[in-house]
Amino acid sequence: MRTAICPGSFDPITLGHLNIIRRAAKIFDHVVVLITVNSGKTRPMFTIEERADMVRRAVSRYPNVTVDTSDILLAEYARRYEGAVLVKGLRAASDFEYEFQMDLINKNINPQLETMFLTASGKYTFLSSSVVREMARYGADLTGLVPDELKAEIEAKAKTWLK
Ligand code: ADP
């Protein structure tokens, strides 16, 4: 059984993330959406538990997708699934530079670990969690950016976040 791991901070999950997860789920037997603690980022909008809960609801219609959280190195986590592959979305040249570096670091720790990239859908090339957080802070409508069932929750959180 081939497992794909889609890692990220998912703060919050966007339709861009979901697009990659859905496509990975068609290619692989099992997809683990892995929510990681990103110490480099400024104050998160949602706690890791809240993010996991939101991702679980967003992927509930995909039977071969599961959700997990981790605070260990991704290259170490991947050892839990034999032959696991990291699957990531590529939006722009800037993503490529970063991802190339990450792959080299991961291979140093776990030489068996491969990373595959799916190109971002044209609709979502400019979509990121930080765009969603910023738009939500200013009270913008999040339709078409995040899963419909999570929209109200993200908009509500934005009213108290960083205040
Ligand atoms: P973000 O970059 O939005 O803060 P994450 O750090 O959670 O998100 O990213 C997790 C993964 O999802 C990365 O591989 C990233 O390239 C991918 N990703 C994020 N947004 C998109 C998008 N709009 N289209 C395709 N892939 C995306």
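Positions are given from 1, in the same order as the sequence printed here.
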Compare all side-chain heavy atoms of [X] with those of [Y] and state whether any distance is below 4.5 angstrom.
X	Y	result
D29	N64	no
R51	P44	yes
K157	E50	yes
L15	P147	yes
D141	K151	yes
T3	V85	no
D103	E99	no
C6	V31	yes

Gap separating the CZ atom of F28 from the CD1 atom of I5, nearest 0.5 angstrom: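 Here the interatomic distance stands at 10.0 Å.
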
Can you tell me how far NE2 of H17 sits from OG of S128, rounded to the nearest 0.5 angstrom?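 Taking OG in S128 and NE2 in H17, the distance rounds to 8.0 Å.
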
Between [X] (side chain only) and [Y] (backbone N and O only), is there a donor and an acceptor less than 3.5 Å apart?
X	Y	answer
S129	P12	yes
D71	V37	no
R2	G83	yes

E134: side chain to side chain donor-acceptor pair (under 3.5 Å) partners, not counting sequence neighbours: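 Scan of E134 (side chain to side chain donor-acceptor pair (under 3.5 Å), adjacent residues dropped) gives none.
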
With Y77 via side chain to side chain donor-acceptor pair (under 3.5 Å) - residues at least two apart: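 Y77 satisfies side chain to side chain donor-acceptor pair (under 3.5 Å) with D68 once adjacent residues are dropped.
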
Pairing of R61 and E149 as salt bridge, 4.0 angstrom limit: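 Result for this pair is yes, salt bridge flagged.
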
Sequence neighbours excluded, which residues qualify as side-chain contact (heavy atoms from CB on, under 4.5 Å) partners of I20?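 Here the qualifying residues are R23, V87, L118.
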
Throw together a table of side-chain donor-acceptor distances under 3.5 angstrom for residues 90-97, partners on residues two or more places apart or in other chains.
residue	atom	partner	partner atom	Å
R91	NE	D95	OD2	3.0
R91	NH1	L127	O	3.2
D95	OD2	R91	N	2.8

Sequence neighbours excluded, which residues qualify as ring-ring contact (aromatic ring centres under 6.0 Å, His included) partners of Y81?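 Once residues adjacent in sequence are excluded, the partners of Y81 under the ring-ring contact (aromatic ring centres under 6.0 Å, His included) criterion are H30.
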
So R79 and N110, side chain to side chain contact (heavy atoms under 4.5 Å, CB included) or not? Walk me through it. CA-CA 8 Å; R79 293 187 207 276; N110 179 352; 3.7 Å; yes

Linking Ile, Leu, Val, Met, Phe, Trp and Tyr through side-chain heavy atoms less than 4.5 Å apart, which residues share a cluster with F126?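 Via sub-4.5 Å side-chain contacts, F126 links to none.
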
Would you kindly confirm whether I72 and L113 end up in one hydrophobic cluster when ILVMFWY residues are joined by side chain heavy atoms under 4.5 Å apart?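 Looking at the clustering, L113 is in the same group as I72.
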
